[in-house]
K.L.:
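Here it is, the structure, as structure tokens.
Lettering follows sequence order; numbering is per chain, from 1.
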Number of protein chains: 2
Amino acid sequence: MTEQKLAIGQVAQQTGLSVDTLRYYEDLGLLDPIERAPNGHRRYGPRDLTRIDFLKRLRATGMPISQMQHYVALYRAGDSTIRERREMLEAHLDSVLAQIDMLEETRTLLERKIHAYLQQEGHSP
Amino acid sequence: MTEQKLAIGQVAQQTGLSVDTLRYYEDLGLLDPIERAPNGHRRYGPRDLTRIDFLKRLRATGMPISQMQHYVALYRAGDSTIRERREMLEAHLDSVLAQIDMLEETRTLLERKIHAYLQQEGHSP
DNA sequence: CCTTGACCTGGAGTGCACTCCAGGTTGTAT
DNA sequence: ATACAACCTGGAGTGCACTCCAGGTCAAGG
């Protein structure tokens with residue numbers, strides 16, 4: 001019962017991406033062409049899942065798809081692109097840190113406003 | 001020279017929103033109708049700027065415009081909506097915290113990957 | 001048998017948040 | 001006087017990232 005090749009629906013469930021999105025990402029070249037079962041159905045292996053997780057994270061933190069495509073293209077091109085890949089990740093890290101800052105500031109603002117509202121609710125509930 | 005009413009271009013500069021976006025937000029009711037100079041040009045007061053800053057933060061942290069419209073509508077409706085406004089802000093705060101978590105995880109992942117790449121660059125620079 | 005559900009393809013459609021444009025007025029600088 | 005920049009309106013257009021659809025194949029269950 002310990003399957004290691006998953007159907008697209010199962011991958012969708014596990015990753016939270018939709019079936020459509022998984023095929024879409026493959027079309028865009030973000031995923032390598034997925035292995036097929038004899039009936040033509042996709043079978044995702046562990047490495048595909050790892051890739052999907054990474055991509056999901058990049059998207060969730062605001063990297064545009066075009067950049068992810070570039071990154072994957074570099075990855076495919078081999079070791080000579082390591083430096084550029086690192087630089088891309090560094091740039092994205094900067095963006096992630098900036099987002100964290102913005103979110104932390106907003107967090108404080110929201111907490112203050114919520115607190116103020118709670119005060120007002122206390123005065124005339 | 002200490003003006004307190006600003007033209008739309010100045011507001012755009014200060015806030016980082018575009019002139020178009022400022023008019024767009026006003027159309028959507030996110031901003032109250034902006035005061036006009038005799039020539040019909042908008043003059044933004046300090047309260048408008050405060051509002052814009054708040055809206056900007058909500059957007060930057062992922063609140064959809066439709067929700068911001070709802071919040072502003074509640075605000076206009078007066079004190080009886082304080083509770084619902086607080087609940088909205090609490091919900092958004094939850095989302096902000098979740099985003100921070102995701103970003104922190106991704107930050108760690110990126111730092112690890114960058115580190116690994118630096119290692120590899122060290123071996124055959 | 002035959003229905004059901006998960007999968008397939010290629011291509012069209014959607015929602016969001018802007019962004020741009022045409023055509024026009026006004027106030028300031030040369 | 002005139003050129004120029006900044007503003008105005010209403011409406012059309014854009015880019016992104018999906019999401020949906022029609023029409024079809026295939027395997028298992030009743």
K.L.:
List the residues meeting side chain to side chain donor-acceptor pair (under 3.5 Å) with B:R57, not counting sequence neighbours, and say none if there are none.
P.N.:
A:E105, A:T106
K.L.:
Applying salt bridge (charged side-chain N to carboxylate O under 4.0 Å, His left out), can you list everything that pairs with A:E84, at least two apart in sequence or on another chain?
P.N.:
none
K.L.:
Can you find a pair of side-chain heavy atoms, one from B:R42 and one from B:E26, that are under 4.5 Å apart?
P.N.:
yes
K.L.:
Can I get a per-line list of side-chain donor-acceptor pairs under 3.5 Å for residues 86-94 of chain A, giving both atom names and the distance, sequence neighbours left out?
P.N.:
from: A:R86; atom 1: NE; to: B:E121; atom 2: OE1; distance (Å): 3.3
from: A:R86; atom 1: NE; to: B:E121; atom 2: OE2; distance (Å): 2.3
from: A:R86; atom 1: NH1; to: A:E90; atom 2: OE1; distance (Å): 3.2
from: A:R86; atom 1: NH1; to: A:E90; atom 2: OE2; distance (Å): 3.1
from: A:R86; atom 1: NH2; to: B:E121; atom 2: OE1; distance (Å): 3.0
from: A:E87; atom 1: OE2; to: A:R83; atom 2: NE; distance (Å): 3.1
from: A:E87; atom 1: OE2; to: A:R83; atom 2: NH2; distance (Å): 3.2
from: A:H92; atom 1: NE2; to: A:T61; atom 2: OG1; distance (Å): 2.8

K.L.:
Rounded to the nearest angstrom, tell me the gap between atom CD1 in A:I34 and atom P in C:dC7.
P.N.:
14 Å
K.L.:
Contacts to DNA chain C from residues 43-51 of chain A, heavy-atom cutoff under 4.0 Å, which residues?
P.N.:
none
K.L.:
Partners of A:E35 by side-chain contact (heavy atoms from CB on, under 4.5 Å), sequence neighbours excluded?
P.N.:
A:K5
K.L.:
Identify, with sequence neighbours excluded, every residue that meets ring-ring contact (aromatic ring centres under 6.0 Å, His included) alongside B:Y71.
P.N.:
B:F54
K.L.:
Would you be so kind as to tabulate the donor-acceptor pairs closer than 3.5 Å made by side chains of residues 73-82 of chain A, with sequence neighbours excluded?
P.N.:
from: A:R76; atom 1: NE; to: A:D32; atom 2: OD1; distance (Å): 3.0
from: A:R76; atom 1: NH1; to: A:G29; atom 2: O; distance (Å): 3.3
from: A:R76; atom 1: NH2; to: A:G29; atom 2: O; distance (Å): 2.8
from: A:R76; atom 1: NH2; to: A:D32; atom 2: OD1; distance (Å): 2.7
from: A:T81; atom 1: OG1; to: A:L74; atom 2: O; distance (Å): 2.7
from: A:T81; atom 1: OG1; to: A:G78; atom 2: O; distance (Å): 2.8
from: A:T81; atom 1: OG1; to: A:R85; atom 2: NE; distance (Å): 3.0
from: A:T81; atom 1: OG1; to: A:R85; atom 2: NH2; distance (Å): 3.1

K.L.:
Among residues 88-98 of chain A, which ones have heavy-atom contacts with DNA chain D below 4.0 Å?
P.N.:
none
K.L.:
Holding to salt bridge (charged side-chain N to carboxylate O under 4.0 Å, His left out), I want the full list of residues that pass it with A:R47, two or more places apart in sequence or in another chain.
P.N.:
none
K.L.:
Heavy atoms under 4.0 Å is the rule here; annotate nucleotides 9-26 of chain C 5' to 3' with B where the base is hit, S where only the sugar-phosphate is, and - elsewhere.
P.N.:
B-------BBBB-----S
K.L.:
With sequence neighbours left out, what residues match A:E104 under side-chain contact (heavy atoms from CB on, under 4.5 Å)?
P.N.:
A:I100, A:R107, B:I100
K.L.:
Test of understanding: with side chain to side chain donor-acceptor pair (under 3.5 Å), list the residues that count as partners of A:T15, not counting sequence neighbours.
P.N.:
none
